[in-house]
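Taking it in order: structure first as structure tokens, then the write-up.
What you see is a predicted model; the values in this text were computed from it and never measured.
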Amino acid sequence: MGRWADLASPQISAGVFVQCQGCKKALFADEFRANLKVCSYCGHHHRLTWRERIEWTFDEGSFVESDADLAGSDPLSFPDYTPKHSAAQSKTGMTDSVVTGMAKLSTHVVSVAVSDFHFMGGSMGTVAGEKVTRALERGCEDRCPVIVFCASGGARMQEGLLSLMQMAKTTAAVERCRDHGVPYISVFTDPTMAGVLASYASIADVILAEPKALVGFAGARVSKQAQVTKAPDDFQTAEWVLKQGMLDRVVERRDMRATLSTLIHTLGYSLRNKEARIG
Amino acid sequence: MGRWADLASPQISAGVFVQCQGCKKALFADEFRANLKVCSYCGHHHRLTWRERIEWTFDEGSFVESDADLAGSDPLSFPDYTPKHSAAQSKTGMTDSVVTGMAKLSTHVVSVAVSDFHFMGGSMGTVAGEKVTRALERGCEDRCPVIVFCASGGARMQEGLLSLMQMAKTTAAVERCRDHGVPYISVFTDPTMAGVLASYASIADVILAEPKALVGFAGARVSKQAQVTKAPDDFQTAEWVLKQGMLDRVVERRDMRATLSTLIHTLGYSLRNKEARIG
Amino acid sequence: MAKSWREWMKNLLELEDLVGQIKTQLVQESDPIRYAELDAKVKSFEDRRDKILELMFSRLGPWEETLLARADPRPYTLDYVQNVFSDFLEIEGDRRFGADHAIVCGPAILEGRPVMVVGHQKGRNIQERTYRNFAMAKPEGYRKAVRMFQMAERFQMPVVTFVDTPAADPGVESESRGISEAIAASMLAMFELTVPVVSIVIGEGGSGGAIGIAAANIVLMQEHAVYSVIPPEGCAAILWRDPAKGPQAAAALRLTSKSALEFGLVDGIVKEPFGSAYRDPITAATLVKEAIIESLAKLDSIGLNLKSHRYERFRRAGSSYMKS
Amino acid sequence: MAKSWREWMKNLLELEDLVGQIKTQLVQESDPIRYAELDAKVKSFEDRRDKILELMFSRLGPWEETLLARADPRPYTLDYVQNVFSDFLEIEGDRRFGADHAIVCGPAILEGRPVMVVGHQKGRNIQERTYRNFAMAKPEGYRKAVRMFQMAERFQMPVVTFVDTPAADPGVESESRGISEAIAASMLAMFELTVPVVSIVIGEGGSGGAIGIAAANIVLMQEHAVYSVIPPEGCAAILWRDPAKGPQAAAALRLTSKSALEFGLVDGIVKEPFGSAYRDPITAATLVKEAIIESLAKLDSIGLNLKSHRYERFRRAGSSYMKS
Ligand SMILES: [Zn+2]
Ligand SMILES: [Zn+2]
């Protein structure tokens, strides 16, 4: 067997192997990437970096980042926050856990936000909340659909109450989209949890999810402890959440682009139409 | 023991007994009426005639009936409908199962509809649907709250699809009340079922119910047959329906007037206020 | 009288079976004489079939219409969705309790224009029927529909609903989650809409379960659909304590499309191909498609407040059958 | 450090117990000398108590504030409802799934003006706590709240919410019925309102469960309430793998009313009587009542679009802590 590569690494060269996190089988790295980091044996959808997500979802080269420089601080002087945050920045090359901008999808313009779990578990602090809010607001201003890829453990503890307020702030922005007739689609990827799930993620017009993505309010341990009711085997998987009526479709990664494209085509029609009428 | 009287009869003279339909005990007829036809032993709330309901709920002598002459026909020439309908008319002195009008409750003007189960099981045909609709519309026109007492087995089979359409018609009128900011309160009395429950009854702003009232979509036999799930002992009682979140309070008959009064006082405030401002 | 469509159609179905068998032989037949014989046989049987069909359809009563509306090969909502729209994408969540497969929903394109589709869905075999709960929706089905109605309003999409249910689910679970409230709230949500709404009864328009998604500006019925306040068997059980008297009840209830039109309760009848929709599903779908397009065009041209239009439409129901 | 309010207050509670006992004796005492002695004892003990209290309250840290916010004699929502409003009538139905007693709702009168009240409700004894699920609301609680918000809009009533929950219910059942969606949808419904909305954190402002009903135009905190993104114990468990380090986490999280005000995340602090609200619930309620009336008056006088005002209020959250 050849060399082994880190599965999260964006540079995976040919002839190198990676190990599937689902079935533990060895996969050719180049095939693995060609298959959008989905295991060809067990279908396990591995987590993506924001770059991969955008590259593999939107029209080639169409993404233009917004607010790239927006950065946070350590308002609470929270123990170890500054070094942790800096380490995450060095590791990922991101200023914070969310990247936003405008992109095209089958030529339709869309406002986009993508969380990256590799940055402090995709947690939502002031900057992530602000970026998601601006992405939603851009949808209203530019009269285009908004697509948000979620990947987050929840609100960022280290910014205390400021993080909690981002739940309300992003929700307010979703409400604004509703007022403007702007379609807003969220996609639950692995994992979509807690404060993110309990705010902008769950109130999209249409909610899609990647197969087997972990989706829940409380950590499985907490929620299992909390009640006599036994958790089912597929508890907090996207498939279970679909059965509970909380999302609309589980979509394989290779079909995501087409599904999103169909949705923004139908749901964004009146927006384009009205715009056309206005001038 | 003295003479026995028919419990539903409006004329119950002193010294006569009636038998409680709940505990089967004998009750002095005059005490029974003084107690609003509630058994003093077991609290069983006996069905009322529309006259009793209005007399015991609204300000004395304040009720003015509307559309008293509105009468139906036998549009489908349905087997036995005409004689059955005539018999109900003779028995009750009503033209159909619902009586409507304007009344006062603690001096507040309200639009009222009362179903009477004694008229063909309180079933909703064209006339009942029309009267409830007009009662709701009067609330919008006169800018006053609407109170509806339900007592019905459901839509009236003998008028076929015309009866089914009354579900939509009355629902449309409820929607109009919502548009006009007119508070609409419905009260489930024994029984409130099927097509009536599945239309105007269930979408009131506030829903009250009398204790132990039978409240359900399907006859208990049908719904128990239909599924593996075992029906609880209190299935389809007002108390059970309250636990299911489908109504807001179970209110004893003696407290109904005060409860309704408080509700229309708070919920009708802006209506009166706006009216005052308008002139 | 026949209790089911299969029983009623027994002779015809056997005849068609026979024709099918001969046709299979025909393909394999190499002897030209034998071939001509078989071919003639097919033609004569098909002739006979057409005559029987013609006879059966020349004197359809309310009960036969009921059987036809329930016929298992009859096209269901998703069959029409496939043939009438493009780009349909099913949306499953009710955001309340669970996924209900007795009602299917989602946006789709109708001749270039997005519409929101909502419809009851029956199943054709036993697995499908169980999965679809025999098209008897639970509260979550109606709440999913409400979500779609509100989404259609947000994005200014016309709504098209397909009605095909024996009844709403009457079980203990449905009661416990408020099936009555869900049906009423669904109608209420429809009456709030400012976008055009067209409903079409394509099979069984079963009482509350049907009207729950049929509070439309224009309500159509397919020729061989039925629409009733109560299933005929249920009516017979109450009236004559004999569910077997369904045929008499069907007559008494006047549940055919023709009666509904006469009473002014539906706005039009959509023709079906000869022998009813299942005999030519593509043509049936084309007729449905044309009827929907025509209805939407009519509503577009009204230019009125479509919410008031819908109110007035239902406001009139039964007015001519009262006196005061 | 003390783990609970009772533990922290142990000495004081014992002292008060003692005072209580002496007072009982005092009432029965007929001998004037003994009476004077006992009376002096009471006075000296009460003096001591006041001094201890003063000392304790002069150096309250975030952990003590947490304990105070959770203190079981602390007034709960229904205590304030009783003392702030008249004509409160509880409304129970969520119209979806079930009655949730962790959130109480209903219309009431505040100085002649109807308002809609929504609040978490804790229980004081074990039965009450179970009945109230420790004020941890399930999806149906938040959906009931949404019903009330929408009703308030229909009838143009201001909304007043009382926040007092350790967290939303995290159990399997809550997950299965969409607790996350319910919380988000509740905030969404609040952001839709055009009527004035005032929220007041009266005890524990526990993360998502709290913000779910706190998307108001004006958010107040009682002096000894706390408001946090995560319970200190949970934070300690994650940070230091030691839930016992709650006190350190409480400090790190800055969950006091003073901090929240400094960060600009609440709009005002409602004073409490000396020794915190439970020592004089009537005065506490009066202060709360005044704060609510003042807040509503402020919102009335703004005359602005209250929906935009609410948007802008939350839009600002954290803005001053970013750079670009
Ligand atoms: Zn694998
Ligand atoms: Zn009794």
Side-chain angles (χ1 to χ4, degrees), chain B residues 106 108 139-140 143-146 174-186 188 197-198 201-209 215 232 238-251 255-256 258-275 277, chain D residues 81 85-118 131 133 137-160 173 177 182 193-196 296 300:
Chain B
S106 311
H108 295 300
C140 299
R143 309 195 61 68
C144 66
V146 181
V174 172
E175 205 279 324
R176 182 157 282 198
C177 285
R178 292 195 170 210
D179 271 358
H180 283 72
V182 163
Y184 160 45
I185 300 163
S186 79
F188 296 170
L197 187 66
S202 284
I203 44 178
D205 295 304
V206 179
I207 304 178
L208 310 175
V215 176
E239 290 73 12
W240 181 80
V241 175
L242 179 70
K243 276 189 281 179
Q244 309 308 313
M246 299 305 146
L247 59 85
D248 298 313
R249 295 179 80 83
V250 174
V251 178
D255 299 325
M256 188 59 78
T259 303
L260 287 170
S261 183
T262 302
L263 278 173
I264 62 169
H265 178 52
T266 45
L267 303 183
Y269 178 86
S270 71
L271 213 53
R272 288 191 299 281
N273 221 33
K274 210 184 278 175
E275 194 177 27
R277 261 185 282 138
Chain D
V81 166
F85 309 99
S86 66
D87 295 287
F88 173 71
L89 202 76
E90 191 179 347
I91 288 188
E92 289 208 23
D94 73 327
R95 302 282 190 276
R96 298 289 178 258
F97 182 83
D100 188 328
H101 303 292
I103 287 185
V104 293
C105 305
I109 303 289
L110 175 67
E111 300 257 301
R113 180 184 193 180
V115 295
M116 184 60 79
V117 179
V118 172
Y131 181 70
N133 195 33
K138 296 186 172 136
E140 31 283 13
Y142 293 98
R143 288 171 188 151
K144 175 170 64 173
V146 168
R147 238 196 95 207
M148 297 305 130
F149 298 145
Q150 292 171 345
M151 200 186 296
E153 179 72 20
R154 259 195 318 277
F155 305 132
Q156 291 295 299
M157 300 159 77
V159 174
V160 179
E173 267 193 68
R177 296 195 293 276
L193 299 176
T194 66
V195 293
L296 288 178
D300 286 342

Atom group of D/Glu90 that falls short of 4.5 Å from chain B, counting heavy atoms: both

So which part of B/Leu208 gets closer than 4.5 Å to some heavy atom of chain D, the side chain, the backbone, both or neither? neither

If you measure from CG on B/Leu271 to CZ on D/Phe155, what distance do you get to the nearest 0.5 Å? 8.5 Å

When the 4.5 angstrom heavy-atom criterion is applied to D/Arg96 and chain B, the contacting part is backbone

Is there a side-chain contact between D/Arg154 and B/Leu267, using heavy atoms and a 4.5 Å cut-off? no

As an exercise, state the distance from CE of D/Met151 to CZ of B/Arg178, rounded to the nearest 0.5 Å. 8.0 Å

Among B/Asp179, B/Thr259, B/Val206, B/Val241, who wins on heavy-atom pairs under 4.5 Å with chain D? B/Val206

By a 4.5 Å heavy-atom criterion (distance strictly below it), what part of D/Ala152 contacts chain B: side chain, backbone, both, or neither? neither

Of the backbone (N, CA, C, O) and the side chain (C-beta and beyond), which part of B/Val182 lies under 4.5 Å from a heavy atom of chain D, both, or neither? backbone

Chain B shares the most heavy-atom pairs under 4.5 Å, among D/Leu89, D/Asp87, D/Ile109, D/Asp100, with D/Leu89

Please flag which part of B/Ser202 lies under 4.5 Å from any non-hydrogen atom of chain D: side chain, backbone, both or neither. backbone

Below 4.5 Å, heavy atoms only, C-beta onward: do B/Asp205 and D/Arg147 meet side chain to side chain? no

Roughly how far, to the nearest 0.5 Å, is CG of B/Leu263 from CD1 of D/Ile91? 6.0 Å

For D/Pro114, is there any backbone N or O sitting under 3.5 Å from a side-chain donor or acceptor partner on B/Thr266? no

Using every non-hydrogen atom in the two residues, find where B/Ser270 and D/Gln156 come nearest and quote the distance to one decimal. CB-CB, 3.9 Å

Can you tell me which portion of B/Ile207 sits under 4.5 Å from chain D's heavy atoms? Options are side chain, backbone, both or neither. both

Can you tell me how far the CG atom of B/Leu247 sits from the CD atom of D/Glu92, to the nearest 0.5 Å? 9.0 Å

